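A short write-up of the structure that comes next.
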Amino acid sequence: MTEPVRFVSTRAAGPGSVTISDAIRQGLAPDGGLYVPTRLPAVDVHALREAVRLPDVARGALAGFFEKDPLEPQLGGIVEAALDLPAPTTAVGAARDRLFVLELYHGPTAAFKDFGARFLAETLARLESSAPRPLTILVATSGDTGGAVAAAFHRRAWARVVILYPKGLVSPRQEQQLTCWGDNVLSLRIDGTFDDCQRLAKEAFLDAPLAARHRLSSANSINIGRLLPQMAYYAASSMQVERLAGGKACYVIPAGNLGNAFAAVWARSLGFPIGRIVLAHNANRTVPDFLESGQWRPRPSIATIASAMDVGNPSNMERVRAQYPTLDAVRAQLSADSVDDAAIRARIAADFSRYGRQWCPHTATAAEVYERLPPEERRAHPWVLVATAHAAKFNEIVEPLIGRQVPVPPSLERLLRMPRHVRDLPATLAALGGALE
Ligand SMILES: *Cc1c(COP(=O)(O)O)cnc(C)c1O
């Protein structure tokens with residue numbers, strides 16, 4: 001019999017593995033590293049080919065990670081409650097082009113972050129509901145994570161949510177989604193960039209007395225509880241594309257902290273029919289430069305119109321490098337390209353006139369990176385663009401480019417009418433400590 005899967009820090013040497021429950025509850029490992037599984041469990045991919053609903057695929061794909069964990073009997077309930085969201089893979093253009101888009105924007109806050117945030121909330125609800133003191137979910141956001149986490153944790157008695165977002169660097173509708181909650185959600189507008197927000201959150205977690213006092217936990221993609229459910233939509237989508245178009249589906253994924261992309265890498269390692277994985281970056285080139293030069297040079301982020309990907313020091317790279325220690329090994333898993341704002345804007349306009357599709361700036365980044373692939377590469381496989389947010393979240397950018405209004409999904413419409421609750425804060429740990437009181 002094989003040992004159940006355990007989770008270790010990307011930094012720790014030697015023993016000290018934890019269960020999935022503990023890895024999710026802690027978020028960041030005590031040594032500041034990120035949790036990774038000791039091995040990837042075997043999945044009977046063939047048995048899942050008949051599954052149609054995302055919760056069913058998720059249950060099959062994730063069962064091995066929960067084996068022998070206290071949450072094992074609850075996984076079915078967790079995925080039913082968290083992942084009962086549409087995630088269709090639809091054709092773009094003519095069928096013979098074998099180009100698709102994986103639409104991850106049908107959740108309550110219209111971005112893919114809903115999948116991970118809801119899974120995390122349902123998981124923690126089962127671990128925490130009888131805890132004596134509430135957990136504080138501290139989340140640094142470049143725009144979409146905070147809203148998704150707030151929506152998933154709003155009015156849960158066992159939790160409090162504290163959102164850190166960069167002032168002036170998120171879209172107006174994103175800001176509304178970050179601040180429309182109140183109750184157990186505290187929204188802090190930080191005088192700094194997303195990197196400052198991320199640094200502040202990390203400093204708070206590593207401040208042991210502060211972390212213990214508030215029972216701090218993370219909902220960023222450093223938390224493995226966000227990455228696991230994201231594998232489910234790649235699993236379902238790749239099996240669907242294989243049925244429809246033949247061959248392994250290749251994905252172009254808008255990338256910031258690489259949480260979404262890394263879930264695709266794991267889904268492929270589990271045996272789902274996924275071919276190439278290409279990372280689409282905006283002008284923040286840290287990862288493409290690394291793949292080209294082999295030098296890992298994190299840097300300050302640059303503000304772009306695909307702002308949820310404005311990350312200069314992508315946190316999940318630590319997982320990639322732990323799992324694939326040599327440059328050649330990383331290159332075998334991933335390739336990457338970077339495009340600037342002008343190209344993103346041009347792509348939004350061009351694909352609207354050619355296909356009638358409305359891309360958000362992040363999705364358009366992927367569409368542009370796809371267009372830049374060699375034509376023979378594009379013809380050789382079915383390709384899937386990953387649509388990470390609804391264009392209506394970025395209406396101020398998209399509408400002038402396509403010359404019409406973007407219809408607002410009803411769930412988003414409701415949030416746009418709610419009143420705002422927000423506090424301004426300087427980017428210091430002392431200020432954050434004060435706000436947490
Ligand atoms: C968060 C986000 C991304 C980047 O995802 P990562 O997992 O950080 O790479 C891309 N697009 C949108 C719309 C996002 O909200």
Side-chain angles (χ1 to χ4, degrees), residues 34 101-117 120 139-151 163 165-166 169-171 173-175 177-178 194-195 197-198 218-231 233-234 251-267 277-282 284 286-288 301 304-320 334 336 338-339 344 348 358-369 385-395 397-398 412:
L34 312 189
V101 59
L102 170 56
E103 300 176 7
L104 299 179
Y105 50 68
H106 298 289
T109 68
F112 82 90
K113 306 288 198 317
D114 283 323
F115 292 92
L120 190 61
V139 54
T141 185
S142 58
D144 290 321
T145 297
V149 169
I163 298 173
Y165 73 93
L169 297 176
V170 302
S171 87
R173 284 185 176 167
Q174 282 179 318
E175 182 159 25
Q177 287 186 326
L178 294 171
F194 171 62
D195 297 339
C197 296
Q198 197 156 255
S218 161
N220 279 105
S221 57
I222 54 177
N223 192 314
I224 195 155
R226 283 233 347 241
L227 294 189
L228 293 176
Q230 293 173 178
M231 284 192 281
Y233 48 71
Y234 288 109
Y251 287 85
V252 187
I253 307 178
N257 264 321
L258 265 59
N260 200 5
F262 202 48
V265 170
W266 275 352
I277 297 172
V278 179
L279 308 178
H281 289 269
N282 58 24
N284 291 276
T286 308
V287 175
S301 59
T304 76
I305 59 168
S307 53
M309 312 196 298
D310 291 349
V311 182
N313 185 7
S315 51
N316 280 295
M317 203 61 197
E318 187 162 333
R319 283 195 168 104
V320 176
L334 297 166
S338 147
V339 297
I344 296 170
I348 291 173
Q358 301 176 347
W359 304 144
C360 84
H362 313 81
T363 308
T365 305
E368 176 63 15
V369 166
L385 312 176
V386 177
T388 46
H390 196 289
K393 286 187 96 161
F394 304 90
N395 60 315
I397 295 165
V398 177
L412 181 56

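Counting convention: from 1, in listed order, for ligands and their atoms alike. In this chain, numbering begins with 1 at the start of the sequence shown. Note that the structure is a prediction, hence the values are computed from the model and not measured.
Heavy-atom proximity to Gly256, at under 4.0 Å, picks out these atoms of ligand 1: 4 (C), 6 (P), 8 (O), 9 (O). Near Ala255, meaning under 4.0 Å from any of its heavy atoms, are these atoms of ligand 1: 9 (O). Each of the atoms 12 (C), 13 (C), 14 (C), 15 (O) of ligand 1 lies under 4.0 Å from some heavy atom of Asp144. Those atoms of ligand 1 that come under 4.0 Å of a heavy atom in Asn260, given as number and element, are 7 (O). Short contacts between ligand 1 and Gly259, defined as distances under 4.0 Å to a heavy atom of the residue, involve ligand atoms 6 (P), 7 (O), 9 (O).
In this structure the side chain of Asn220 never reaches within 4.5 angstrom of the side chain of Ser315, judged on heavy atoms. A heavy-atom distance below 4.5 Å is not found between the side chains of Val386 and Phe112. The side-chain heavy atoms of Asp114 and His106, taken from C-beta on, include no pair separated by under 4.5 Å.
Counting heavy atoms under 4.0 Å from ligand 1, residue Leu258 touches it through the backbone alone.
Partner of Met317 under the side chain to side chain contact (heavy atoms under 4.5 Å, CB included) criterion, out of Val311, Thr286, Leu258: Leu258 alone. A ring-ring contact (aromatic ring centres under 6.0 Å, His included) with Tyr234 is found for exactly one of Phe262, Phe115, Tyr251, Trp266, namely Tyr251.
Applying the side chain to side chain contact (heavy atoms under 4.5 Å, CB included) rule to Ala306 yields the partners Asn282, Thr304, Met309, Ile344, Pro361, His362, Thr365; only residues at least two apart in sequence or on another chain are considered. Among residues two or more places apart in sequence or in another chain, the side chain to side chain contact (heavy atoms under 4.5 Å, CB included) test is passed with Leu169 by Pro166, Thr193, Ala303.
Atom 12 (C) of ligand 1 has Thr388 OG1, 3.4 Å as its closest protein atom, hydrogens excluded (heavy atom only). The protein non-hydrogen atom at the shortest distance from atom 8 (O) of ligand 1 is Asn257 N, 2.8 Å.
Summarising the geometry of Gly225 relative to Leu120, their closest heavy-atom pair is CA-CD1, 4.1 Å, with the distance given to 0.1 Å.
Taking only nitrogen or oxygen atoms, main chain and side chain alike, Ser142 does not reach within less than 3.5 Å of ligand 1. Geometrically, ligand 1 and Thr145 share no nitrogen or oxygen pair separated by less than 3.5 Å. In terms of N/O distances under 3.5 Å, ligand 1 is not approached by Pro254.
Residue contacts with ligand 1 include Phe112, since one of its heavy atoms falls under 4.0 Å from the ligand. Judged by the shortest distance from any of its heavy atoms, Ala261 lies outside the 4.0 Å radius around the atoms of ligand 1.
A donor-acceptor pair under 3.5 Å is formed between the side chain of Ser142 and the backbone N or O of Ala308.
Across Met309, Arg226, Lys113, heavy-atom proximity to atom 2 (C) of ligand 1 is greatest for Lys113.
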